[in-house]
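Here is the structure we will look at.
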Amino acid sequence: MSIRLFCRSKANSRAAQAGQALVMALVIMLVALPVGITFYRYVGVTLRSAMAERKQKTASQFANAAVTDYFRQFSQNAYSGHYDTADLSRPQTFYSAGYSTVTFIPDSLGHTLYLRAEGVYGTPAKPLTKQILEALIQFASDLVQYGTMVNGPFTISASNVSYDGGFYTNGNLSVTGSNVRFNGGPVVVAGNLSGAASVVIDGDLYYSGTSAGAVTVTGTKYNFIPAVTWPTLDFAYYDAHYTYKTTTNQTIIFNSTGTFTVVGGATYAIPADGALIYAQNASLTLRGIVSGRVTAVAGATSAGNCTSAAGKITVNDNLYYVGASSISASAGASFAALARNCTTFTKTGADLLVVGVHFVEQGTSNMKLTGSSGKRFQLYGVRTQGISVSGFTGGITLKYDNNLRTFQPPGLPEKALLVNWNHH
């Protein structure tokens, strides 16, 4: 009897253990199955998210590559390809996983270019993901950024003088005069600066040398300089885009009616997007009232100075802008004179007023001023060399025209600056 009870108890125990195992299996299934399903869904969402992110990133890279290609183009040429449709057009560019397209709006007067690059992951027949990059590019010339530019070391020996606008020297700057003041712009010295405490820079100083001297700086001193590219004149560009071209020396008179007259020749209208007057291996004499945007260029096949036969510009009477603001560039009038070898300002018996950008490519002392004793000379704009003076003892005024940045004359060498960037 006792043996039979023991066997029955053992059988009941095995049945109970089996039941417990079954219950545990059910519990595990009830817990593990939802967890597994949740994990599966999480993995699926994560994978889809990763794939979507990869597609967006790839599409963005396509759009970025398109804009980068424009900057590569602009960095290789400071003159051409900035506003012309033929130079800006791009075919639909295909890649291994997608493609890009670009649309653009050039503004030659405002010196801007709007780009809209669309990068697509997929194919034109089945685009999967799109990313759009909008960029606004501003083209600016170093020739309108500073009131005075000199391509080499420079010494200021005069006392009680002031320089308005930015000041740039591609070499050491030595100020030996007293009470010299720089107003309204940074002083940039590609080298050392030397001067006494009476020399005041009313703004920031950038220098790349080891010494900034004892000069007084009201702003901040920086021991580095921003990138500045000393311009070189591309005569092939002017030969391809001129409004008027001459191969002999000519005198040009600007009229207040939006025209210019070649003395002994015809009168030409100034186009809405500006006029380029080009003397090929010849020189120009200029005067008058500028109405419109104009750049005059005197080219030469060889480098020289003020005794050279070609590549010279002479301003022999007042040269100013039309309208009430006759000394400041505007939407209706701006001017530049670019000479390879020499610029001379000259007038006898009266004061002389000159406006605009005046650039000489060669040397550091090929800009001259000649006039009568007791008379006054005024330049409102930019000059790119020190000026040797004969006469004009009544006073000399050199003032920077900040409006030249906004209303830049045509045909200046430019660099591309990114001013706005929007991804969506």
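All heavy atoms count here, side chains included; hydrogens, waters and symmetry mates do not. It should be emphasised that the depicted structure is a prediction, and the values quoted were computed from it without experimental measurement.
Atom CG of residue D107 and atom CD of residue Q138 lie 9.0 Å apart, to the nearest 0.5 angstrom. Y83 contributes atom OH, which lies 7.5 Å from atom OG1 of T112 (distance to the nearest 0.5 angstrom). With values rounded to the nearest 0.5 angstrom, D164 atom CG is found 11.0 Å from Y400 atom OH. Rounding to the nearest 0.5 angstrom, the gap separating the OG1 atom in T169 from the CG atom in N151 is 10.0 Å. Rounded to the nearest 0.5 Å, atoms CG (L133) and CZ (R116) are 10.0 Å apart. Rounded to the nearest 0.5 Å, atoms CZ (F224) and OH (Y206) are 5.5 Å apart.
Side-chain contact, T370 with S390: no donor N or O sits under 3.5 Å from an acceptor N or O. The closest side-chain donor-acceptor pair between S256 and S291, if any, does not fall under 3.5 angstrom. For the residue pair T257 and T259, a side-chain donor N or O sits within less than 3.5 Å of a side-chain acceptor on the partner.
A distance of 6.0 Å or more separates the ring centres of Y79 and H241. A distance of 6.0 Å or more separates the ring centres of Y242 and Y278. Outside the 6.0 Å centre-distance limit, the rings of F104 and Y114 are not counted as a close aromatic pair.
Of the residues T364, L143, N366, the one that meets the side chain to side chain contact (heavy atoms under 4.5 Å, CB included) test with T384 is L143. Here the options are N170, V228, V357, the test is side chain to side chain contact (heavy atoms under 4.5 Å, CB included), and the partner is M149; only V228 passes.
Looking only at distances, no side-chain donor or acceptor of S326 sits under 3.5 Å from a matching main-chain atom of G323. A donor-acceptor contact shorter than 3.5 Å is absent between the side chain of T346 and the backbone of N316. A donor-acceptor pair is defined here as one N or O able to donate and one able to accept, closer than 3.5 Å; such a pair exists between the side chain of N223 and the backbone of Y207. Checking side-chain atoms of H358 against main-chain N and O of Q385 turns up no donor-acceptor pair under 3.5 Å. In this structure, the side chain of D204 engages the main chain of T220 through a donor-acceptor pair within 3.5 Å. Under the 3.5 Å distance criterion, the side-chain polar atoms of T285 are left unmatched by any main-chain donor or acceptor of T251. Using modelled atom types, no side-chain atom of T348 and backbone atom of G371 make a donor-acceptor pair closer than 3.5 Å. Side-chain N or O atoms of Q408 include none that pairs as donor or acceptor with a backbone N or O of H111 at under 3.5 Å. With hydrogens and angles ignored, the 3.5 Å screen pairs a side-chain donor or acceptor of S211 with a backbone N or O of G213. Put simply, the side chain of D87 never gets that close to the backbone of S80: no donor and acceptor are under 3.5 Å apart.
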Assess whether side-chain contact (heavy atoms from CB on, under 4.5 Å) is satisfied between I270 and R293, documenting all intermediate values.
CA-CA 7 Å; I270 297 174; R293 298 191 182 190; 5.8 Å; no
Evaluate side chain to side chain donor-acceptor pair (under 3.5 Å) for S194 paired with N172, printing each intermediate quantity in order.
CA-CA 8 Å; S194 61; N172 295 336; over 6 Å; no
Could you go step by step and tell me if D202 and T218 meet the side chain to side chain donor-acceptor pair (under 3.5 Å) rule?
CA-CA 5 Å; D202 191 9; T218 64; 3.1 Å; yes
Is there a side-chain contact (heavy atoms from CB on, under 4.5 Å) between Y244 and I252? Walk through the geometry before answering.
CA-CA 11 Å; Y244 167 78; I252 307 291; 4.1 Å; yes
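Ring geometry, F139 versus F74: the interplanar angle exceeds 60°, so the pair is classed perpendicular (tilted spans 30 to 60°). Between F235 and Y238, the angle of the ring planes lies from 30° to 60°, which puts this pair in the tilted group. Note: W230 and Y168 have parallel aromatic rings, judged against thresholds of 30 and 60 degrees for the angle between ring planes.
Residue-environment remark: OH (Y163) exceeds the threshold of 12 foreign heavy atoms within 6.0 Å. Around NZ of K347, the count of heavy atoms belonging to other residues, nucleotides or ligands within 6.0 Å exceeds 12.
Counting heavy atoms from C-beta outward, L173 and F167 have side chains that approach closer than 4.5 Å. Contact of the N255 side chain with the T267 side chain is registered, since non-hydrogen atoms from C-beta on lie closer than 4.5 Å. With a 4.5 Å cut-off on side-chain heavy atoms, L319 and F335 count as touching. Side chains of V199 and T216 form no contact here, defined as non-hydrogen atoms less than 4.5 Å apart. A heavy-atom distance below 4.5 Å is not found between the side chains of Q378 and D351. In this structure the side chain of N179 never reaches within 4.5 angstrom of the side chain of S159, judged on heavy atoms. Under the 4.5 Å side-chain criterion, counting only non-hydrogen atoms from C-beta, M367 is in contact with F345. Residues L412 and V144 meet the side-chain proximity criterion, which asks for heavy atoms closer than 4.5 Å.
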